[in-house]
Number of protein chains: 2
Amino acid sequence: MTHSAPPAVPRFPVSVTVDLVIFTVRDDALHVLLVERGKEPFLGGSALPGGYVRPDEGLDEAALRELREETGLDGGRLHLEQLRSYGDPGRDPRGRVITVAYLALGPDLPAPVAGTDAARAFWAPVGEALRADSGLSFDHGAILADAVERARSKLEYTTVATSFCREPFTVSDLRHVYEVIWGIALDPSNFRRKVTRTAGFLEPTGERRTSETGRPAALYRFGGAAVMSPPLLRSGDIAGRGAGGGSGRG
Amino acid sequence: MTHSAPPAVPRFPVSVTVDLVIFTVRDDALHVLLVERGKEPFLGGSALPGGYVRPDEGLDEAALRELREETGLDGGRLHLEQLRSYGDPGRDPRGRVITVAYLALGPDLPAPVAGTDAARAFWAPVGEALRADSGLSFDHGAILADAVERARSKLEYTTVATSFCREPFTVSDLRHVYEVIWGIALDPSNFRRKVTRTAGFLEPTGERRTSETGRPAALYRFGGAAVMSPPLLRSGDIAGRGAGGGSGRG
DNA sequence: AGACTTTCTAGTCACCCTGACCATAATGGG
DNA sequence: CCCATTATGGTCAGGGTGACTAGAAAGTCT
């Protein structure tokens, strides 16, 4: 306070990375794509896929590139949004590293491609990934927890749940996404009424798919609408429920 | 694709800053705190307050410090949340600068303190700040637009509107915040019913305030609840309306 | 083929919330 | 004392929701 001069060190060694939380619904649980780290620090530990932002690319661009590298998918029918940035000093032992976390949602994706770091990539149930706080490197446990929270709340009032379904899909496919991520059972009839009456949510294809058992279900495509209002549930507060078998976060 | 080696340049010169979008409601318009830049680039232009993140502080910490420096307020009864990060190459002519934008909401704040850069700080109606795209330096026009969008949507389903009111406040004070930011008129009776019946939103103080005219209004304090469900409006989509532009509310 | 199971899909109904509206209370001013 | 103004309370019809019942359309088992 003795002098009002600006800080003497406006610039110092810092790196910027993007980290991806890639979600998909497999079987009856929400899964996240993790990589086994191939170098220090945390060699052999699990972490979110990610990498350094290059000098000539923007943040979204870098996230899209990493996504393509890890999953082989171009961000076509696949949701990608910025989640939040994390930059506590000491979050990376190598030095000051600010990371911009992205959230990606996609249908049951093909077998993960080996990352550019020659690290093994695999799908892990988020419940396990969160419970094994021992497992995730850096502050990726906290990032994952924030991502789960974001995904749960976005399902309430947007149509992103369709990003988890490969087109064409049935109403039951869509309902299954909600049930897995929220960890609750939804009434099939009421769910159908809600999503079919929400303008722009579902677009009928006219075809039907005959499953192994039961009456064949009509097939739909995503209708293009972004928001759903009023929200799907009247109750609102979905947060904190057990999805994917996780006991939740502290 | 010829070789799978990692990028050769993981680290390059980059700086990290925090920029603040500080909103308040003055008179009948949403205002944002801007600074007149005291040095190049954009010398003399308007910009969001902000500054470099220091080597030893986290992002939230840096935002809190900047907020204190600019407004003289410690983040007591004042909402502060991370908005988003912006890092397009070329957004800053000085080089590669990634900025983490924060959104701050506060009651009609005291006269702005001169920034540490000896730059003049002032309140500007967001309508003007956005319209005068000529005015805002860097990509701060886009950041401001995102912040307005965030503020509008958060009013729908959270209780952050109370952050704009100095305690104790009346229901009309609170309603005025919504009307200004959304640019619509709300029915006083229905608004009261909604906010008073939402558990944890308002906490009666038992006192009343007699305004210049009309029946005295009961005074309330913030009740501590974070979310409001169902949302305040049935219609939902508030985005895209003219708020704070001074063009009047319909 | 017929009964059974399973899932999809269409209704019904009571309840609550909302938005529109009317009415009354409580203050200051002419 | 009437009036303007704001605060606050109440009514009422309509729509959406959750709980529930019922029928439709497939496969399976005997």
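Because only heavy atoms are used, hydrogens play no part in the values below, and waters and symmetry mates are left out as well, while side chains stay in.
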Modelled atom types, side-chain donor and acceptor of B/D108 and B/H31, under 3.5 Å: no
Is any side-chain N of the basic residue among A/R175 and A/E179 closer than 4.0 Å to the acidic one's carboxylate O? yes
Checking side chain to side chain contact (heavy atoms under 4.5 Å, CB included) between A/I143 and each of A/L103, A/L83, A/V148, which is the one that passes? A/L83
Rounded to whole angstrom units, what separation is found between the CG atom of B/L186 and the P atom of D/dT6? 16 Å
Could you pull out the protein-nucleic contacts involving nucleotides 18-22 of chain D (nitrogen or oxygen on both sides, under 3.5 Å)?
residue	atom	partner	partner atom	Å
D/dG18	OP1	A/R234	N	3.2
D/dG18	N7	A/R193	NH2	2.7
D/dG18	O6	A/R193	NH1	3.0
D/dA19	N7	A/N190	ND2	2.9
D/dA19	N6	A/N190	OD1	3.3

Ion pair present between A/D146 and A/R152, side-chain N to carboxylate O less than 4.0 angstrom? no
Which is true for A/S172 with a 4.0 Å heavy-atom rule: it touches a base, it touches only sugar-phosphate, or it touches nothing? sugar-phosphate
What is the distance from CE of B/M228 to C1' of C/dT18, rounded to the nearest Å? 14 Å
Kindly state each residue pair satisfying ring-ring contact (aromatic ring centres under 6.0 Å, His included) with at least one member in residues 145-166 of chain B, sequence neighbours excluded. A/Y157-B/Y157
Pair A/D173 + A/R209, salt bridge at N-O below 4.0 Å: yes
Can you give me the N/O atom pairs linking the protein to nucleotides 24-30 of chain C at distances under 3.5 Å, or say none if there are none?
residue	atom	partner	partner atom	Å
C/dA25	N3	B/R215	NH1	3.4

C/dG19 P sits how many Å from B/Y178 OH, rounded? 13 Å
Length of the line joining B/H176:NE2 and D/dT6:C1', which is rounded to integer Å: 14 Å
Side-chain N,O (B/K194) to OP1/OP2 (C/dT18) below 4.0 Å: yes
Is it true that B/R65 and B/E61 have a side-chain N and a carboxylate O under 4.0 angstrom from each other? no
Just to be sure I understand the rule, does B/R209 reach a base, reach only the sugar-phosphate, or reach nothing, if contact means heavy atoms closer than 4.0 Å? nothing
For the residue pair A/D19 / A/Y86, report whether a side-chain donor-acceptor contact shorter than 3.5 Å exists. no
Give the rounded distance in Å between these two atoms: CG of A/L174 and P of C/dT7. 18 Å
SB check B/D60 A/R84 (cutoff 4.0 Å): yes
Whole-Å distance between D/dA7 P and B/F191 CZ? 11 Å
Check every strand shown and say whether B/R197 touches a base, only sugar-phosphate, or nothing at a heavy-atom separation below 4.0 Å. nothing
